[in-house]
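Hydrogens, waters and symmetry mates play no part in the numbers below; they use all other heavy atoms, side chains included.
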Amino acid sequence: MIGVSRCLCGDCCSYRGDSNLRERFQLMDKEGKVIKICPEVMGGLPIPRVPAEIVNEQPLMVMTKDGRDVTQEFVTGARVALAILKMHHIKTVVLKSRSPSCGCGTIYDGTFSSTVIDGNGVFARMCLEEGIAVYNEDNYVEDI
């Protein structure tokens, strides 16, 4: 059993209101091998929602493109999602790349210019701090 971003399983929960479907994860979900999570929605953000990016690291600040501070929603959602993973003894997650919540390895730079930088989203960071193996949709290989 692994944790997977809901949007990768075909659920329409991305900020645009659509999915980022990857058929392999949808199939794994249908086979009962997945715990689906969307920290942004779990933090109370709507579908669709205004795009958000991490604009400051210390202290952490996540802002929407229209200037709203959504740091608390991101942190709350990450905590809820992490609690669910722990409840199910999940040790591996596959998260949507570049997301300010789920991005692992790369995220957008906080300028809303589509510039990608090295970094991890709020939820990905929490997973790593807890010793959970974090992958994105392109670098996950089953049975690692």
Return yes if a side-chain donor-acceptor contact under 3.5 Å exists between Ser99 and Ser101, otherwise no.
no
Hydrophobic clustering (ILVMFWY, side-chain heavy atoms < 4.5 Å, transitive) - are Leu21 and Ile35 grouped together?
no
When rounded to the nearest 0.5 Å, the distance separating NZ of Lys36 from SG of Cys13 is 8.5 Å
At what distance, to the nearest 0.5 angstrom, does CD of Glu137 lie from CZ of Arg24?
10.0 Å
Nearest heavy-atom contact between Cys12 and Ile47 is O-CG2, 3.5 Å
Can you tell me how far apart OG (Ser19) and CD (Gln26) are? Round to the nearest 0.5 Å.
8.0 Å
Do Val75 and Ile84 sit in the same hydrophobic cluster, where Ile, Leu, Val, Met, Phe, Trp and Tyr count as joined when their side-chain heavy atoms come under 4.5 Å apart?
yes
Say whether, by atom type as modelled, one donor and one acceptor occur between the side chain of Thr64 and the main chain of Val50 under 3.5 angstrom.
no
Gap separating the CD1 atom of Ile2 from the CD1 atom of Ile90, nearest 0.5 angstrom
8.0 Å
Quick one: closest heavy-atom pair of Ala81 and Phe123, and the distance?
CB-CE1, 3.5 Å
Is any side-chain heavy atom of Asp109 less than 4.5 Å from a side-chain heavy atom of Glu53?
yes
So Cys9 and Val34, do their side chains get closer than 4.5 Å, heavy atoms only?
yes
Heavy-atom distance under 4.5 Å between the side chains of Cys38 and Asp11, does that happen here?
no
Determine whether Phe74 and Val80 fall in the same hydrophobic cluster, where Ile, Leu, Val, Met, Phe, Trp and Tyr are linked whenever their side-chain heavy atoms lie under 4.5 Å apart.
yes
Is there a side-chain contact between Val4 and Asp29, using heavy atoms and a 4.5 Å cut-off?
no
Do Tyr15 and Met61 land in one hydrophobic cluster if side-chain heavy atoms of ILVMFWY residues count as linked below 4.5 Å?
no
Steps toward side chain to side chain contact (heavy atoms under 4.5 Å, CB included) verdict (Leu85, Met126):
CA-CA 11 Å; Leu85 295 181; Met126 284 189 189; over 6 Å; no
How far apart are the closest heavy atoms of Asn136 and Ser97, and which atoms are they?
CB-CB, 4.0 Å
For the student: nearest non-hydrogen atoms of Gly32 and Met1, plus distance
O-CE, 3.4 Å
Are Leu95 and Tyr108 connected in the hydrophobic side-chain network, where two residues link if heavy atoms are under 4.5 Å apart?
no
For the residue pair Tyr140 and Tyr135, does the interplanar ring angle fall in the parallel (under 30°), tilted (30 to 60°) or perpendicular (over 60°) class?
perpendicular
More than 12 heavy atoms of other groups within 6.0 Å of Glu31 CD:
yes
Using atom types as modelled and distance alone, determine if a side-chain donor or acceptor of Arg22 lies under 3.5 Å from a backbone N or O of Leu8.
no
Heavy atoms only: give me the nearest Ala52-Val62 pair and the separation to one decimal.
CB-CG1, 4.0 Å
Do the non-hydrogen side-chain atoms of Ile37 and Leu82 ever get within less than 4.5 Å of each other?
no
Is any side-chain heavy atom of Asn56 closer than 4.5 Å to one of Met63?
no
Taking all non-hydrogen atoms of both residues, which atom of Val134 and which atom of Ala124 are closest, and how far apart?
CG2-O, 4.1 Å
Does the side chain of Ile107 reach to within under 4.5 Å of the side chain of Asn120, using non-hydrogen atoms?
no
Could you tell me if the side chain of Val70 sits less than 4.5 Å from the side chain of Arg49, heavy atoms only?
no
Under 3.5 Å: donor-acceptor pair, side chain of Glu40, backbone of Gly77
no
Just wondering, more than 12 heavy atoms not from Arg98 lying within 6.0 Å of its CZ?
no
